[in-house]
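What follows is one structure encoded as structure tokens, with my remarks underneath.
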Amino acid sequence: MTKKFLMAFAVLALAVASAASSYRVTLFQPSEIGGKQYKAGDYKIHIEGDKVTLAAGKEMIPTTGKVETSSEKYPTTTVRYGGDSRVQEIRIGGTNTKVVFN
């Protein structure tokens, strides 16, 4: 009985852990992501499959981004800009995941 409970708990924990990932990112200047303007500040970026959402407090802001996997892990979270204030990509520190924005 105990073994079945532990096994069910382990499977459930793995399913929840793999469903979605959430990371912190800081924008140091007003930025444009996916055609929307964001104030400078701390955000959470939620990645679930190909779905990307930015959260500011309790406000969830869906955006269009492509999740890519690199062969190397990024040492820190970095935000790359392309021209003015448009965010091109966010590289997630400690992972090999980056989100590329159009």
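Being a predicted model, the structure only gives us computed values, none of them experimental.
Within the 4.5 Å cutoff, the side chain of Y38 has no heavy atoms near those of the P30 side chain. Counting heavy atoms from C-beta outward, F101 and T63 have side chains that approach closer than 4.5 Å. Annotation: side chain of I45 is in contact with side chain of I92 (closest heavy-atom distance under 4.5 Å). Looking only at side-chain heavy atoms (C-beta outward), R80 and V87 stay at 4.5 Å or farther from each other. Under the 4.5 Å side-chain criterion, counting only non-hydrogen atoms from C-beta, I90 is in contact with T77.
Side chain to side chain, T69 and N96 fail the donor-acceptor criterion of an N or O pair below 3.5 Å. Judged purely by distance below 3.5 Å, without hydrogens or angles, the side chains of T95 and Y74 never pair a donor atom with an acceptor atom.
The CD atom of Q37 sits 9.5 Å away from the CZ atom of R86 when rounded to the nearest 0.5 Å. The distance from the CG atom of D42 to the OG1 atom of T26 is 4.0 Å, given to the nearest 0.5 Å.
Between the T53 side chain and the P62 main chain, no donor and acceptor come within less than 3.5 Å of each other.
In terms of the side-chain contact (heavy atoms from CB on, under 4.5 Å) criterion, T64 has no residue partners (sequence neighbours excluded). For A55, the side-chain contact (heavy atoms from CB on, under 4.5 Å) partners at least two apart in sequence or on another chain are K44, H46, M60.
When every heavy atom of K39 is checked against every heavy atom of L27, the shortest pair comes out as O-CD1, 4.2 Å.
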